[in-house]
Structure formats: structure tokens, C-alpha cells
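Take a look at the structure below.
What you see below is based on every heavy atom in this structure, not just the backbone, and it leaves out hydrogens, waters and symmetry mates.
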Amino acid sequence: MVGGGLSGLISAFQAADKGLKTLVLEKGRNLGGSGNYVEGLCAVGTEMQKAKGINYTPSQLVQTELNYSHYEADSRSLKEYFNECAETLKWLQSKMGVKFTEVTKLGSGMVTWHLLKGQGKEQIQITLFPQ
């Protein structure tokens with residue numbers, strides 16, 4: 001049993017994909033929770049970046065985030081995230097049908113921001129209720 005926020009929905013999908021029975025319960029009016037307002041995903045080493053000639057390494061992103069947080073961020077979590085994020089983005093596209101429109105920079109940062117088509121709400125609706 002999981003909640004119907006974005007993380008709960010992904011967890012339920014993965015469990016069901018592995019043959020487990022799942023039950024999604026949501027106390028709110030809509031599925032997706034705050035995931036409905038997600039604009040994109042920060043990632044490094046993706047095909048979208050490679051197509052633009054952008055070649056950052058996970059280590060560069062970890063160091064950037066540690067500098068930004070004045071070394072308050074958990075470096076192990078950052079390393080795990082940035083080492084896996086390209087595969088996660090690929091999985092979202094191929095398995096879940098999530099659409100990204102472009103990769104850009106956020107403010108003056110690095111070109112790592114993969115924008116979702118229509119924010120999270122549109123992608124959640126398309127994934128859960130394909131036409």
C-alpha cells in the first residue's frame with residue numbers, strides 16, 4: 001500500500017511491474033501530489049545533453065552541489081543520484097512514456113535541467129491514463 005503522490009505512484013508501478021500486488025490510496029483530490037508541479041529533472045550524462053555536446057560528469061555535479069550547499073548536503077546521496085540520474089531519465093522516457101521538451105540551465109547554472117512537457121501534471125495524466 002502506497003500513497004498517490006509522485007513517489008508512491010512510481011513505487012506502485014515498479015512493484016506491479018515485478019509481479020507484486022499493489023494498492024494505491026490517496027487522501028487528496030488528485031493523484032500526483034506535489035509532483036503535479038514539477039517542471040523538470042536535473043540530470044547529467046543524458047542523451048539530450050550528448051546531442052547538444054554537453055559532457056558534464058557526475059563528479060562535477062556533486063562538487064557544484066556541495067559548493068552551493070556549503071558542504072551541508074549529503075555527498076553520498078548526491079553521488080548516488082548523479083551516478084544514476086541518466087538511467088532514471090531514460091527509464092522514465094522508455095518505460096513510463098514521460099516526455100521531455102529540452103535540456104537547459106536553471107539561472108546561471110549548468111545545462112542539466114530537463115524540462116517536462118507540460119509540467120508533472122500532464123506527464124502523470126499521460127502515464128496513468130494513456131489515450
> Can you name the salt bridge (charged side-chain N to carboxylate O under 4.0 Å, His left out) partners of K90, sequence neighbours left out?
Replying inline: E87
Run the side-chain donor-acceptor check on residues 36-49: report pairs under 3.5 Å with partners two or more places apart or on a different chain.
{"from": "N36", "atom 1": "ND2", "to": "L31", "atom 2": "O", "distance (Å)": "3.1"}
{"from": "N36", "atom 1": "ND2", "to": "G33", "atom 2": "O", "distance (Å)": "3.1"}
{"from": "T46", "atom 1": "OG1", "to": "Q49", "atom 2": "N", "distance (Å)": "3.2"}
{"from": "T46", "atom 1": "OG1", "to": "Q49", "atom 2": "OE1", "distance (Å)": "3.3"}
{"from": "T46", "atom 1": "OG1", "to": "H114", "atom 2": "NE2", "distance (Å)": "2.7"}
{"from": "Q49", "atom 1": "OE1", "to": "G45", "atom 2": "N", "distance (Å)": "2.8"}
{"from": "Q49", "atom 1": "OE1", "to": "T46", "atom 2": "N", "distance (Å)": "3.1"}
{"from": "Q49", "atom 1": "NE2", "to": "A43", "atom 2": "O", "distance (Å)": "3.1"}
{"from": "Q49", "atom 1": "NE2", "to": "V111", "atom 2": "O", "distance (Å)": "2.8"}

> Nearest heavy-atom pair of A15 and T22: which atoms, and what distance?
Replying inline: CB-CG2, 3.4 Å
> Got I54 and M110 here, is their nearest side-chain heavy-atom distance under 4.5 Å?
Replying inline: no
> Who are the side-chain hydrogen bond (donor to acceptor under 3.5 Å, both in side chains) partners of K95, not counting sequence neighbours?
Replying inline: D17
>> Within this structure, what is the CG-CZ distance for the pair L61 and F82, rounded to the nearest 0.5 Å?
In response: 4.5 Å
> Can you name the residues that form a side-chain contact (heavy atoms from CB on, under 4.5 Å) with L25, not counting sequence neighbours?
Replying inline: M1, L23
>> Just to verify, what does K117 make a salt bridge (charged side-chain N to carboxylate O under 4.0 Å, His left out) with, not counting sequence neighbours?
In response: E122
> Do the side chains of F100 and L116 get nearer than 4.5 Å, heavy atoms only?
Replying inline: yes
Return all side-chain donor-acceptor pairs below 3.5 angstrom for residues 69-76, not counting sequence neighbours, or 'none' if the list is empty.
{"from": "S69", "atom 1": "OG", "to": "E65", "atom 2": "O", "distance (Å)": "3.2"}
{"from": "S69", "atom 1": "OG", "to": "L66", "atom 2": "O", "distance (Å)": "3.3"}
{"from": "S69", "atom 1": "OG", "to": "E72", "atom 2": "N", "distance (Å)": "3.3"}
{"from": "S69", "atom 1": "OG", "to": "A73", "atom 2": "N", "distance (Å)": "3.1"}
{"from": "Y71", "atom 1": "OH", "to": "Q63", "atom 2": "NE2", "distance (Å)": "2.4"}
{"from": "Y71", "atom 1": "OH", "to": "N67", "atom 2": "OD1", "distance (Å)": "3.2"}
{"from": "D74", "atom 1": "OD1", "to": "R76", "atom 2": "N", "distance (Å)": "3.1"}
{"from": "D74", "atom 1": "OD2", "to": "S77", "atom 2": "OG", "distance (Å)": "2.9"}

> To the nearest 0.5 Å, what is the distance between CG (L6) and CD (Q123)?
Replying inline: 11.0 Å
>> Show the nearest heavy-atom pair for residues I10 and M96, with the distance to one decimal.
In response: CD1-CE, 4.1 Å
>> Run the side-chain contact (heavy atoms from CB on, under 4.5 Å) test against T57 and tell me which residues pass, sequence neighbours left out.
In response: S59, Q60
> Do Y68 and Y81 belong together in a cluster built from hydrophobic side chains that touch within less than 4.5 Å?
Replying inline: no
>> Can you pull out every side chain to side chain donor-acceptor pair (under 3.5 Å) where at least one residue sits in residues 3-16? Sequence neighbours excluded, please.
In response: none
>> Under the rule for salt bridge (charged side-chain N to carboxylate O under 4.0 Å, His left out), what residues qualify as partners of R29, not counting sequence neighbours?
In response: none
